[in-house]
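Okay, so here's the structure we're looking at.
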Amino acid sequence: MASEIILQQKKDTVEALVNKLKGAPSCVLVDYIGINVADDTKLRRDLREAGVEYSVVKNSILRFAFKEVGYEDLTKVLSGSTALAIATNDPIAPAKILGKYAEGSNGKFTIKAGFMDGEVMDDKQVMALSKLPGREGLLTMLVCALTGTIRGLAVALNAVAEKKEGGEAA
């Protein structure tokens, strides 16, 4: 009887994880074995502030969940200690925060893999994603580009108008 209860609890855990993964824009898997308590506390706070759910999950549970949602390629990295960071808002946030932390950890904390918009990414792709500007940075760049284009158009139109005025006055 006790084993049936434990089995049902595991099934419920897998089902809850599957539901989170299905609705997630991105997710990053890490090996956290070299992290100390103070760094872990800071990392969890940074992730929480960015709207990222971070938890340690058994590899066997992850294996079942990834197979169910179609991310079987991620099961290849499920060995050792594994923590899971699931984005709830900004899809780049988990990669940015965890990538920055991994770079400064001297190999004690490593990126394993992840996914974004339905595509599985290896550790190198996650690290490349971590170097992109965040949502706010991209929006700022877009606004600056549009402002520059509009300013250039206004200057060009003004030059044409001055040239026409100068041509008519002569």
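Sorted pairs that involve residues 7-31 and meet ring-ring contact (aromatic ring centres under 6.0 Å, His included), not counting sequence neighbours, are lacking altogether. Sequence neighbours left out, the pairs with a member in residues 32-45 that pass side-chain hydrogen bond (donor to acceptor under 3.5 Å, both in side chains) are N36-D39, D39-Y101, D40-R44, K42-D46. Within the structure, ring-ring contact (aromatic ring centres under 6.0 Å, His included) contacts touching residues 4-30 (residues at least two apart or in different chains) do not occur. Sorted by first and then second residue, the ring-ring contact (aromatic ring centres under 6.0 Å, His included) pairs involving residues 136-166 (not counting sequence neighbours) form an empty list. Identified under the ring-ring contact (aromatic ring centres under 6.0 Å, His included) test for residues 74-99, with sequence neighbours left out: none. For residues 119-132, every residue pair satisfying the side-chain hydrogen bond (donor to acceptor under 3.5 Å, both in side chains) rule, not counting sequence neighbours, is listed here: E103-K131. Sorted by first and then second residue, the pairs that involve residues 74-88 and meet salt bridge (charged side-chain N to carboxylate O under 4.0 Å, His left out), not counting sequence neighbours, are D73-K76.
In this structure, the side chain of K112 does not engage the main chain of A83 through any donor-acceptor pair within 3.5 Å.
Among residues two or more places apart in sequence or in another chain, the side chain to side chain contact (heavy atoms under 4.5 Å, CB included) test is passed with T147 by V143, R151. Under the side chain to side chain contact (heavy atoms under 4.5 Å, CB included) criterion, A85 pairs with V52, Y54, P94, L98, not counting sequence neighbours. Here E53 pairs with K20 under the salt bridge (charged side-chain N to carboxylate O under 4.0 Å, His left out) rule; sequence neighbours left out.
Grouping the Ile, Leu, Val, Met, Phe, Trp and Tyr side chains by contacts below 4.5 angstrom, directly or via other members, places L47 with I92. Hydrophobic cluster membership differs between V57 and V126, with clusters built from Ile, Leu, Val, Met, Phe, Trp and Tyr side chains linked at under 4.5 angstrom. Hydrophobic clustering of Ile, Leu, Val, Met, Phe, Trp and Tyr side chains at less than 4.5 Å, counting indirect connections, keeps I35 apart from L84. No chain of hydrophobic side-chain contacts below 4.5 Å, direct or via other Ile, Leu, Val, Met, Phe, Trp or Tyr residues, connects L21 to M121.
Summarising the geometry of A87 relative to D90, their closest heavy-atom pair is CB-O, 3.6 Å, with the distance given to 0.1 Å. Closest of all the heavy-atom pairs between I97 and A50 is CD1-CB, 3.5 Å. Nearest heavy-atom pair, G80 versus N59, reported as atom, atom and distance to 0.1 Å: O-ND2, 2.9 Å.
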Side-chain donor-acceptor pairs under 3.5 Å in residues 24-31, sequence neighbours left out?
from, atom 1, to, atom 2, distance (Å)
S26, OG, P91, O, 2.6
D31, OD1, I33, N, 3.2
D31, OD1, S81, OG, 2.6

Can I get a per-line list of side-chain donor-acceptor pairs under 3.5 Å for residues 61-71, giving both atom names and the distance, sequence neighbours left out?
from, atom 1, to, atom 2, distance (Å)
R63, NH2, L78, O, 2.9

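Judged by distance alone, the side chains of E15 and N19 never bring a donor and an acceptor atom under 3.5 Å apart.
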field: L17 and I86: CA distance, side-chain angles, deciding distance, side chain to side chain contact (heavy atoms under 4.5 Å, CB included) verdict
entry: CA-CA 10 Å; L17 184 55; I86 301 174; 4.2 Å; yes

